[in-house]
J.: 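This is the structure, below, for whatever I ask next.
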Amino acid sequence: MALNTPHAPAITAAEVTAPATGAQIAAALREAGIAALLTLGLSIPILAFKTEQDQANALYLQPRWGMVAAACALIFALRFALCLRAARRAAAPARPKAPASPALQKLFGIAVPLFLGVAVTYPMLATLASGGLGGARYWIDLGILILTYVMLGWGLNIVVGLAGLLDLGYVAFYAVGAYSYALLSTTFGWSFWLCLPLAGILAAFWGIILGFPVLRLRGDYLAIVTLAFGEIIRLVLINWVDLTNGGAGISSIPRVTFFGVPFDSSEDGFASLFGIPFSPMHRMVFLYYLILVLALITNLVTIRLRRLPVGRAWEALREDEIACRSLGINTRNTKLTAFAIGAMFGGFAGSFFAVRQGFVSPESFNFLESAIILSIVVLGGMGSQVGVAIAAVLMVGAPELLRNLDFLKQVFGAGFDPNEYRLLIFGLAMVAMMVWRPRGLVGHREPSIVLTERKAIAGSLVKEGHG
Amino acid sequence: MSDAATMPAPAQATAGRTPLLSVRGVKTYYGNIIALKGVDLDVHEGEIVTMIGANGAGKSTLMMTIFGNPRCRQGTITYGGRDITQMPTHEIARLGIAQSPEGRRIFPRMTVFENLQMGASIKDFTHFDEDLERVCTMFPRLKERLNQRGGTLSGGEQQMLAIARALMSRPRLLLLDEPSLGLAPLVVKQIFNVIRELNERDGMTVFLVEQNAYHALKLAHRGYVMVTGSITLQGTGKELLENPQVRAAYLEGGAH
Ligand SMILES: Nc1ncnc2c1ncn2[C@@H]1O[C@H](COP(=O)(O)OP(=O)(O)OP(=O)(O)O)[C@@H](O)[C@H]1O
Ligand SMILES: [Mg+2]
């Protein structure tokens with residue numbers, strides 16, 4: 001690698017610093033101006049007025065021209081930058097694109113241990129940063145939320161990313177898992193550790209139930225049916241009042257215990273068992289590590305499965321179903337295992353959700369959840385484990401971060417809540433991804449096995465060439 | 001098409017035995033359109049049998065029908081004495097039939113090595129290294145590219161990969177749909193040599209669909225000619241090569 005460096009970077013450096021010509025800037029300005037005008041036109045009916053009620057309960061319109069101006073300025077700036085970039089790129093001499101720059105690969109190489117390290121020490125870091133266990137509550141809660149989505153993303157990744165089956169109803173299995181734990185624990189008083197595998201099995205069972213009717217479907221049709229399946233499960237949860245208590249949900253679900261030891265201030269509680277002062281945060285930290293372990297299990301199982309014939313068959317199925325069959329692969333069973341295993345992890349995550357919240361209701365399992373999980377998988381790069389993790393952090397963590405950025409409140413007004421703009425941000429993120437990384441954050445597929453022999457061959461060829 | 005033009009039945013050597021693959025009165029439809037109008041065909045153990053015919057004659061359809069996708073609406077297909085007409089495709093493959101289908105159908109995002117692993121799916125991987133070595137000596141181009149993604153191979157390399165992948169399952173019967181498509185003349189020769197070698201050395205039975213009529217008929221023991229869904233001529237490779245109808249329709253174009 002060191003030998004190559006003198007040649008390659010010289011070109012890239014020259015290209016990056018190539019200044020934009022006046023004509024390019026003018027064209028970009030024009031484009032940006034048009035885009036800003038369009039935004040203005042669009043935002044007059046959408047953004048410019050807000051209906052408010054006065055004391056007499058009469059509606060009146062409150063103009064919000066500041067917001068319109070901000071939106072137009074933002075679009076103008078983005079469009080300008082984009083045009084300039086595109087123009088410069090078109091003007092630059094075409095150069096063969098390197099498959100993946102070594103720097104990027106190195107980055108991914110350290111990304112995994114870095115992520116893992118941060119994930120494992122996160123509660124400590126949060127405690128240190130916020131000066132006490134109590135203050136870290138918000139951060140640990142956020143960590144739990146992110147990890148839940150990481151796990152859901154990894155679970156759905158098996159179905160969508162590996163097997164290529166577009167599933168828009170994944171939240172159904174999340175719901176099955178959550179309600180399994182909620183019902184089993186409140187009805188029979190079974191512990192979390194017994195209910196967790198049961199919830200997984202039940203979700204897998206429902207995965208197979210969904211799998212059978214959609215075996216022959218692909219692409220859009222599969223998406224529609226799975227979408228309907230997700231809605232059916234939710235509607236059943238709402239309407240089967242005898243079992244699920246309908247829209248009111250199930251409350252007072254038993255809290256998680258430390259392998260039987262409750263997290264409370266009593267004599268037999270976790271704190272007195274370990275002789276430490278009681279804090280309600282112990283349970284949070286435990287929940288954090290629980291979901292971390294569950295997510296890592298999902299990841300390890302997926303990595304392992306990819307190397308086994310069944311995992312390879314999933315990926316081959318994604319690429320070419322007919323070829324799979326003529327190679328002797330039972331595509332029906334392959335699809336069903338993908339649905340079942342993906343659903344099982346959704347079920348695990350669901351029962352974790354139930355034990356964390358202590359309350360489940362059908363409203364937690366609407367289509368938006370499925371859409372978020374699917375966006376995480378798609379943004380992550382369809383099949384890449386690291387990509388999914390990064391995407392989950394961005395998708396779930398970013399709106400929370402925005403909430404804490406005070407200067408946004410100064411720009412958009414005190415009542416500004418980024419969570420309300422979550423969908424808008426998702427949309428922007430999707431568009432940005434389509435423009436810059438159409439194949440996802442980690443778009444290249446890691447082979448499940450890399451032969452080291454190849455290096456030897458390549459090496460010998462190089463030597464021959466130089467000799 | 002007249003009776004007089006039809007060649008005598010298969011060569012003597014194969015006359016009395018039951019064929020390895022036999023297709024009887026097979027009719028295949030795409031919706032309402034008939035693609036195969038009652039095809040009879042035999043492939044005996046140890047033979048190379050070729051089928052030639054114009055574009056759209058139904059050659060690929062026959063090959064896919066043997067694999068149960070699409071299914072024939074009438075007729076029977078037997079393999080090794082078993083009726084496979086209604087058998088699911090993957091079970092047919094498990095009986096020891098492998099296919100290099102039209103359009104290659106390799107897995108583009110998987111590496112060459114993974115593609116070959118997929119070819120060996122129905123085996124228990126005990127002979128995997130041995131078989132890998134074998135196809136690598138057959139196609140040295142693949143050996144250099146084991147870690148390259150299938151979709152980034154050149155067309156000819158993809159064709160080699162499709163054949164190599166089919167061989168990884170150690171099939172008893174190998175179905176090849178236009179293996180010479182898009183290949184340089186020299187590579188065509190190589191591929192045909194490989195087929196001959198597989199047949200002579202390993203005793204593999206081969207059923208070959210080809211546009212390259214001259215090479216195919218020279219290589220094959222027996223051949224069939226298909227015209228719009230029916231077999232119109234059959235005979236040994238030599239007979240067909242000398243047949244004036246075949247010469248007029250498939251050889252005068254200067255394929256050799
Ligand atoms: N999936 C399909 N749906 C409808 N018609 C089809 C389908 N596949 C093939 N056909 C039709 O069936 C006929 C036979 O096609 P087939 O692919 O078997 O031809 P072929 O002999 O292999 O031709 P070629 O030499 O060009 O590959 C053609 O008329 C074709 O249009
Ligand atoms: Mg064809």
Side-chain angles (χ1 to χ4, degrees), chain A residues 96-100 161-164 215-216 306-336 381-384 439-440 442-462 464, chain B residues 63-64 66-70 87-125 128 132-133 136 140 143-152 161-162 165-166 168-169 171 175 177:
Chain A
K97 207 168 180 188
L162 293 185
L215 278 174
R216 290 167 168 276
R306 267 194 72 195
R307 303 220 174 103
L308 294 179
V310 58
R312 264 204 311 276
W314 287 339
E315 289 196 82
L317 191 70
R318 176 189 67 197
E319 315 254 294
D320 195 325
E321 192 170 338
I322 293 176
C324 270
R325 270 197 229 123
S326 50
L327 291 174
I329 287 162
N330 186 336
T331 50
R332 186 194 60 196
N333 290 359
T334 308
K335 281 187 190 180
L336 288 180
M382 290 282 225
S384 159
R439 316 186 99 229
V442 184
H444 67 276
R445 173 184 171 275
E446 268 317 308
S448 61
I449 183 166
V450 178
L451 298 179
T452 41
E453 244 175 318
R454 192 200 163 188
K455 267 185 195 148
I457 292 172
S460 64
L461 283 181
V462 170
E464 255 170 50
Chain B
M63 196 159 259
M64 294 307 286
I66 293 171
F67 253 84
N69 175 35
M87 210 179 252
T89 303
H90 66 269
E91 280 178 31
I92 296 175
R94 280 160 190 269
L95 293 176
I97 311 183
Q99 183 193 33
S100 158
E102 180 164 50
R104 295 150 190 168
R105 290 189 173 276
I106 58 158
F107 303 114
R109 289 183 69 189
M110 300 173 87
T111 63
V112 170
F113 184 76
E114 286 169 317
N115 266 279
L116 294 174
Q117 277 185 318
M118 289 306 300
S121 296
I122 59 171
K123 292 284 167 195
D124 56 3
F125 288 91
F128 182 79
L132 182 68
E133 199 54 52
C136 281
K143 185 175 183 142
E144 295 163 19
R145 292 174 163 72
L146 283 176
N147 283 333
Q148 191 175 331
R149 290 195 301 143
T152 61
L161 178 57
R165 187 180 67 180
M168 289 303 287
S169 65
L175 309 182
D177 197 338

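For the numbers below, each heavy atom of this structure counts, side chains included, while hydrogens, waters and symmetry mates do not. The sequence lines fix the lettering, A, B, ..., with proteins before strands; numbering per chain opens at 1. Worth saying up front: this structure is predicted, and the values here are computed from it rather than measured.
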J.: Begin from the C-alpha positions of A:Ile322 and B:Asn69 and carry the test side chain to side chain contact (heavy atoms under 4.5 Å, CB included) through to its verdict.
T.: CA-CA 9 Å; A:Ile322 293 176; B:Asn69 175 35; 3.8 Å; yes
J.: Select, from B:Gln99, B:Arg165, B:Met64, B:Met110, the one with the greatest count of heavy-atom pairs under 4.5 Å involving chain A.
T.: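 Between B:Gln99, B:Arg165, B:Met64, B:Met110, the count favours B:Met110.
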J.: At a heavy-atom separation under 4.5 Å, does B:Phe107 approach chain A through its side chain, its backbone, both, or neither?
T.: both
J.: What part of B:Pro108 is in contact with chain A, defined as an atom under 4.5 angstrom from a non-hydrogen atom: side chain, backbone, both or neither?
T.: both
J.: Distance-only, no hydrogens or angles: does the B:Arg94 side chain make a donor-acceptor pair with backbone N or O of A:Gly328 under 3.5 Å?
T.: yes
J.: Can you see which heavy atom on A:Leu327 is nearest to which on B:Ser121, and at what distance?
T.: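 Looking at all heavy atoms of both residues, the shortest contact is O-CB, 4.1 Å.
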J.: Quick one: which of B:Gln117, B:Glu91, B:Arg104 has the most heavy-atom pairs under 4.5 Å with chain A, could you say?
T.: B:Gln117
J.: Looking at A:Arg312, A:Arg332, A:Arg325, which makes the most heavy-atom pairs under 4.5 Å with chain B?
T.: A:Arg312
J.: Checking the side chain of A:Glu319 only, and the main-chain atoms of B:Arg109 only, is there a donor and an acceptor separated by less than 3.5 Å?
T.: yes
J.: If I measure from the heavy atoms of chain A, does B:Met168 come under 4.5 Å with its side chain, its backbone, both, or neither?
T.: neither
J.: Could you measure the distance from the CG atom of B:Asn115 to the CG atom of A:Asp320? Nearest 0.5 Å is fine.
T.: 10.0 Å
J.: Does the side chain to side chain contact (heavy atoms under 4.5 Å, CB included) test come out yes or no for B:His90 and A:Ile329, once each step is laid out?
T.: CA-CA 5 Å; B:His90 66 269; A:Ile329 287 162; 5.6 Å; no
